[in-house]
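This report refers to the structure that appears directly beneath it.
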Number of protein chains: 2
Amino acid sequence: MKPEDILAKHGLSRTSIRTKLIQILAEAHEALSSKEIEQQLDDNVDRVTIYRTIKLFEDKGLIHKIVVDEQSTKYRLIRENKSTDHPHFHCIKCDKVVCLPDTPLPCCDLPQGFRVSTQNTIIEGTCQKCNK
Amino acid sequence: MKPEDILAKHGLSRTSIRTKLIQILAEAHEALSSKEIEQQLDDNVDRVTIYRTIKLFEDKGLIHKIVVDEQSTKYRLIRENKSTDHPHFHCIKCDKVVCLPDTPLPCCDLPQGFRVSTQNTIIEGTCQKCNK
DNA sequence: TCATAATTGCAACTTTGTTGCAAAAGTATC
DNA sequence: GATACTTTTGCAACAAAGTTGCAATTATGA
Ligand SMILES: [Zn+2]
Ligand SMILES: [Zn+2]
Ligand SMILES: [Zn+2]
Ligand SMILES: [Zn+2]
């Protein structure tokens with residue numbers, strides 16, 4: 001689907017920044033931080049606009065957020081037929097973050113009376129490129 | 001074990017701030033943020049000192065860090081016979097974070113050539129007090 | 001006690017993200 | 001396409017969380 005169609009589908013007006021941002025996320029093979037997005041947007045777009053656009057896309061269900069650690073948050077486009085509730089892999093060498101297949105996660109032993117809404121798993125390790 | 005003995009065991013000099021900080025963490029039934037620690041240290045101790053002490057304790061293996069989300073990091077004393085690699089529960093109503101029993105986590109489907117070092121799981125939901 | 005080494009507090013800085021407001025761009029109607 | 005109205009963007013200022021350098025204070029060991 002074209003960036004313009006994705007915007008229309010979610011009832012968002014079509015601006016050049018939004019179109020480019022979707023394109024950047026769609027072409028990425030890994031999750032991107034707001035700074036990485038900023039660097040890929042050639043014209044110098046204001047940080048604030050990027051933050052606001054990311055938040056909008058998140059609220060509208062276009063992208064999902066991955067909190068890697070306290071000062072690293074990345075974003076990835078939600079593709080069709082893909083859930084948002086899958087585990088993620090973080091390479092501690094090259095810092096790349098990728099989505100993993102949506103395997104059924106087993107329940108942990110929870111104390112009585114606790115209720116689960118979502119589960120967030122980040123697997124830390126090294127990717128195949130860094131292991132060569 | 002007394003706070004003073006814990007310091008000695010890890011080769012750390014015994015200062016009143018470090019002693020109190022260990023005591024606060026030992027008496028807590030949940031993971032604490034640096035701000036929560038600051039509030040429990042009666043005399044107003046400088047933020048910087050708390051950050052430095054937390055980092056020192058973490059490096060020496062006295063405490064473990066739990067990254068709840070992008071702007072909430074909490075810490076918990078590592079007790080004897082307890083691993084540091086267990087899942088955590090975050091109550092989205094009262095914001096409490098607790099350690100969960102160390103259940104054997106199943107491997108997710110990983111792409112070829114990927115190597116795992118640690119796995120970080122945070123279960124979001126509501127605790128038994130908030131469910132009443 | 002005294003010298004030495006380690007810890008603490010202060011000020012300044014960095015990074016990541018937010019808010020208010022005016023200027024610019026988009027949308028719909030004619 | 002021009003017009004009016006709404007939304008988006010950029011700028012400045014701010015906020016929270018954490019870091020660094022340096023001088024003052026406190027701990028340790030002889
Ligand atoms: Zn890698
Ligand atoms: Zn993902
Ligand atoms: Zn609760
Ligand atoms: Zn824990």
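Naming convention: chains lettered A, B, ... in sequence-line order (proteins, then strands); numbering from 1 in each chain. It should be emphasised that the depicted structure is a prediction, and the values quoted were computed from it without experimental measurement.
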If the sugar-phosphate is the primed atoms plus P, OP1 and OP2 and the base is the rest, what is the B/S/- string for nucleotides 19-30 of chain D, using protein heavy atoms under 4.0 Å? BBB-----SS--

In whole Å, I'd like the distance from the CG atom of A:Leu56 to the C1' atom of D:dT9. 13 Å

Using atom CG of B:Asp46 as one end and atom P of C:dA11 as the other, report the distance to the nearest whole Å. 9 Å

Quick one: does B:Thr49's side chain have a donor or acceptor within less than 3.5 Å of a partner on B:Val45's backbone? no

Backbone N/O of A:Lys35 and side chain of A:Arg47: donor-acceptor pair under 3.5 Å: no

Heavy-atom donor-acceptor pair, B:Asp102 side chain to B:Lys82 backbone, under 3.5 Å: no

State whether the side chain of B:His88 and the backbone N or O of B:Val98 hold a donor-acceptor pair below 3.5 Å, judged by distance alone. no

Would you indicate, yes or no, if D:dG18 has its OP1 or OP2 atom less than 4.0 angstrom from a side-chain nitrogen or oxygen of B:Ser34? yes

Strictly below 4.0 Å, N to O, side chains only: are A:Lys74 and A:Glu30 in salt-bridge contact? no

What is the separation between atom CZ on A:Arg18 and atom C1' on C:dA25, rounded to the nearest whole Å? 11 Å

Using a cut-off of less than 4.0 Å, is there contact between a side-chain N or O of B:Lys35 and OP1 or OP2 of D:dA16? no

Starting from C1' on C:dG26, measure out to NZ on A:Lys20 and report it in whole angstrom. 16 Å

I need the CD-C1' distance between A:Glu36 and C:dT16, as an integer number of Å. 14 Å

If you draw a 6.0 Å radius around CG in A:Asn44, do more than 12 non-hydrogen atoms from other residues or ligands fall strictly inside? no

Taking B:Gln40 for the side chain and B:Ile37 for the main chain, is one N or O donor matched with an acceptor at less than 3.5 Å? no

Can you tell me how far C1' of C:dT16 sits from NZ of A:Lys74, to the nearest Å? 15 Å

Whole-Å distance separating the CD1 atom of B:Ile50 from the C1' atom of D:dA16: 15 Å

In whole angstroms, the gap separating C1' of C:dT16 from CD1 of A:Ile37 amounts to 14 Å

Quick check: on DNA chain C, is the nucleotide nearest B:Glu70 upstream (toward 5') of the one nearest B:Thr53, or the reverse? Name the residue that is more 5'. B:Thr53

